[in-house]
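Accompanying notes for the structure given below.
Within every chain, numbering begins at 1; the chains are lettered A, B, ... in the order of the sequence lines, protein sequences first and strands thereafter.
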Number of protein chains: 2
Amino acid sequence: MNVSTVEIEKAASILKLLGDKTRLTMVMLLNNHDCCVCEFVEIFKMSQPAISQHLRKLKDAGVVRETRRGQWIIYSLNQDSDFYSLVQSVLGHLPSQDYLLEELKEQGLRISCE
Amino acid sequence: MNVSTVEIEKAASILKLLGDKTRLTMVMLLNNHDCCVCEFVEIFKMSQPAISQHLRKLKDAGVVRETRRGQWIIYSLNQDSDFYSLVQSVLGHLPSQDYLLEELKEQGLRISCE
DNA sequence: TGCTTATATAAGCAAATCATTATATGTTAA
DNA sequence: TTAACATATAATGATTTGCTTATATAAGCA
């Protein structure tokens with residue numbers, strides 16, 4: 001793992017972003033699978049604007065990026081971010097959250113966005 | 001480095017704690033040197049209660065511990081914490097903040113607490 | 001074109017956060 | 001035992017956060 005150094009103030013702002021259970025889980029999921037907003041809405045049982053606002057913060061910080069695919073906007077982890085290696089280090093300590101996507105699949109809700 | 005897994009909710013709460021510049025710098029300093037409250041007051045140019053409150057949060061989370069030495073209370077990193085390895089991973093991405101202690105030493109303020 | 005779906009933005013609000021000042025506690029030393 | 005020093009706790013207030021509802025924007029499709 002490449003351990004690049006990050007200014008302490010910027011690091012704090014990234015850690016603050018990751019210091020929210022919803023956002024941390026989002027990033028954890030995005031580390032393995034691209035996802036669209038509607039999937040997160042299902043997973044977190046949260047309003048669509050709430051999800052959009054979390055994603056916007058992550059995007060503003062450069063942690064994730066978005067790509068439009070038809071009417072969907074697909075979010076993915078930004079591997080070019082200055083903070084990518086910091087984020088990876090953190091994620092390495094967390095248990096996989098992929099069961100959340102499995103549950104979606106069982107409900108037939110995962111496919112809708114792919 | 002031992003990469004132990006941490007429940008995602010607890011991880012988020014630790015990251016939130018580290019997501020504050022003052023606390024992150026404190027932890028960074030404590031990683032190499034034990035410090036007392038009065039030193040942090042000097043370093044951060046912040047009121048003593050503000051420093052105490054930051055340290056209390058870190059202590060409540062088990063990240064740091066305190067030892068009384070005479071009238072001083074010395075804070076140190078809790079190496080037995082469940083989150084120690086997560087914290088270490090994060091700190092590994094930050095530049096040393098030891099210059100802050102060097103400055104204290106030059107002012108003759110570091111010695112007072114040792 | 002107009003309806004539906006997916007997402008973003010705006011406005012508002014309750015709760016949490018981070019500082020402050022004032023005060024209490026505990027240790028040392030005269 | 002009283003004064004000084006180091007630290008903690010309490011009360012308070014401004015700011016930030018994370019949600020909500022309402023509305024705007026944009027793409028797909030009948």
Approximate separation, where rounding is to 0.5 Å, of B/R65 CZ and B/D34 CG: 9.0 Å

Determine whether the side chains of B/Q88 and B/N31 contain a donor N or O and an acceptor N or O closer than 3.5 Å. yes

Filter on side chain to side chain donor-acceptor pair (under 3.5 Å), then keep only pairs touching residues 5-20 of chain A, sequence neighbours left out; what's left? A/E9-B/K21

Does A/P95 offer a backbone N or O that forms a donor-acceptor pair with the side chain of A/Q97 under 3.5 Å? yes

Which pairs with one or both residues in residues 82-91 of chain B pass salt bridge (charged side-chain N to carboxylate O under 4.0 Å, His left out), sequence neighbours excluded? none

For A/E66, give me all partners under side-chain hydrogen bond (donor to acceptor under 3.5 Å, both in side chains), at least two apart in sequence or on another chain. A/Y75

Whole angstrom value for the distance that separates P of D/dT7 from CZ of B/F40: 11 Å

Counting only pairs under 3.5 Å, give me each side-chain donor-acceptor contact of residues 51-59 of chain B, with atom names and distances, residues two or more places apart or in other chains.
| from | atom 1 | to | atom 2 | distance (Å) |
| --- | --- | --- | --- | --- |
| B/S52 | OG | B/Q48 | NE2 | 3.1 |
| B/H54 | ND1 | B/R23 | NH1 | 3.1 |
| B/R56 | NH1 | B/D60 | OD2 | 3.0 |

Reading nucleotides 22-30 of chain D from the 5' end, what letters show protein touch, with B for base, S for backbone sugar-phosphate only, - for no heavy atom under 4.0 Å? B----SS--

Could you state the CG-C1' distance from B/D60 to C/dT17, rounded to the nearest angstrom? 15 Å

Close approaches to DNA chain D from residues 52-59 of chain B, in residue order (heavy atom, under 4.0 Å): B/S52, B/Q53, B/R56

Check the phosphate of D/dA8 against B/Y75, side-chain N and O only, distance under 4.0 Å to OP1 or OP2. Yes or no? yes

In Å, rounded to the nearest 0.5 Å, how long is the span from CD1 of B/I14 to CG of A/L18? 13.5 Å

Could you tell me which nucleotide pairs with C/dG2 by Watson-Crick or G-U wobble geometry, both distances under 3.5 Å, or answer none if nothing does? D/dC29

Report yes if some heavy atom in the side chain of A/T22 is under 4.5 Å from a heavy atom in the side chain of A/M26; otherwise report no. yes

Phosphate oxygens OP1/OP2 of C/dT20: is one of them under 4.0 Å from a side-chain N or O of B/S47? yes

Between the side chain of A/E106 and the main-chain N/O of A/E103, is any donor-acceptor distance below 3.5 Å? no

Do any of residues 9-26 of chain A sit with a heavy atom less than 4.0 Å from DNA chain D, and if so which? A/K16, A/D20, A/R23

Restricting to pairs with a member in residues 90-101 of chain B, which pass salt bridge (charged side-chain N to carboxylate O under 4.0 Å, His left out), not counting sequence neighbours? none

